[in-house]
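Below you'll find the structure, written out as structure tokens, and then a few comments.
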Amino acid sequence: MNPLQRVARNPAAYRRLVLTGRPVAESLEALLRFATTGRFGVLDLAGLPNVQITTSGRKTGLARTATVQYVPVDGGLLLVGSNWGRERHPSWSANLKATQRVTVRRHGHRFVASVRLLTGAERDEAWSTAVAHWPNYQIAQDRAGRRQFRLFLLTPTA
């Protein structure tokens with residue numbers, strides 16, 4: 001585990017990052033992605049699993065790309081719409097909710113995946129998996145108050 005990943009996994013450090021460092025992390029992410037033509041970002045620097053997802057904007061129809069952390073699950077990727085524990089869902093989650101397919105870029109490889117919003121018992125099970133993989137999701141959920149994070153399962157298509 002690299003030193004930045006150790007810091008990111010520390011709940012106290014995560015709280016500090018979420019509360020005070022989010023704008024810096026988001027700006028640094030944009031700068032790194034621009035400088036490396038999308039190949040490298042803050043989550044890569046911290047050694048955390050991440051993908052770039054591209055889908056059509058639900059209102060504009062224009063291509064929208066977002067870098068998101070994921071949880072590896074059997075046969076796919078689990079995405080958590082935490083939005084740093086803010087009151088609103090992340091815009092990428094609204095776009096995923098409105099589509100059935102997404103283009104995913106991971107480790108320089110692109111593939112198309114089907115999108116499924118998880119609900120009910122399936123969502124509860126996925127939430128347990130997400131928190132076991134990344135305990136800081138619970139910190140963000142506590143910070144978000146009544147907003148329940150959207151969980152998406154991305155399954156690569158043949």
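Taking CD of Q69 as the start and OG of S82 as the end, the distance is 7.5 Å to the nearest 0.5 Å. Taking CG of N95 as the start and NZ of K59 as the end, the distance is 9.5 Å to the nearest 0.5 Å. Annotation: the span from Q141 atom CD to N136 atom CG amounts to 13.5 Å, rounded to 0.5 Å. Annotation: the span from W127 atom CH2 to Y137 atom OH amounts to 8.0 Å, rounded to 0.5 Å. From W134, atom CH2 reaches atom CD1 of I139 across 9.0 Å, with rounding to the nearest 0.5 Å. Interatomic distance, CG of L48 versus NE2 of H133, reported as 8.0 Å (0.5 Å rounding).
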Side chain to side chain contact (heavy atoms under 4.5 Å, CB included) evaluation trace for D44 with T36: CA-CA 12 Å; D44 298 300; T36 63; over 6 Å; no

If you apply the rule side chain to side chain contact (heavy atoms under 4.5 Å, CB included), what do you find for R101 with S114, and how did you get there? CA-CA 5 Å; R101 299 221 182 279; S114 62; 3.7 Å; yes

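Minimum interatomic distance between L118 and A126 (heavy atoms only, all atoms of both residues): CD1-CB, 3.5 Å. P90 and G81 make their closest contact through CD-O, 3.6 Å (heavy atoms, listed as atom of the first residue, atom of the second, distance). Here the shortest heavy-atom pairing between F149 and A144 reads CE2-CB, 3.6 Å. Minimum interatomic distance between L78 and A130 (heavy atoms only, all atoms of both residues): CD2-CB, 4.0 Å. A pairwise comparison of heavy atoms in A63 and T54 identifies CB-CG2, 4.2 Å as the closest pair. Across all non-hydrogen atoms, the minimal contact from P156 to G76 is CD-CA, 4.2 Å.
When hydrophobic residues (I, L, V, M, F, W, Y) are linked wherever their side-chain heavy atoms come within less than 4.5 Å, the members clustered with Y70 are V51, I53, V68, L77, L79, W92, L96, V102, V104, F111, V115, L117, F152, L154.
Looking at heavy atoms from C-beta onward, Q52 lies in side-chain contact with R33 at the 4.5 angstrom threshold.
For the salt bridge (Lys or Arg N to Asp or Glu O under 4.0 Å) condition, the pairs that include at least one residue of residues 79-89, sequence neighbours left out, are E26-R86. Applying the salt bridge (Lys or Arg N to Asp or Glu O under 4.0 Å) test to residues at least two apart or on different chains, the pairs with a partner in residues 110-129 are R116-E122.
Counting only distance, with no hydrogens or angles, the side chain of E29 and the backbone of G41 share no donor-acceptor pair below 3.5 Å.
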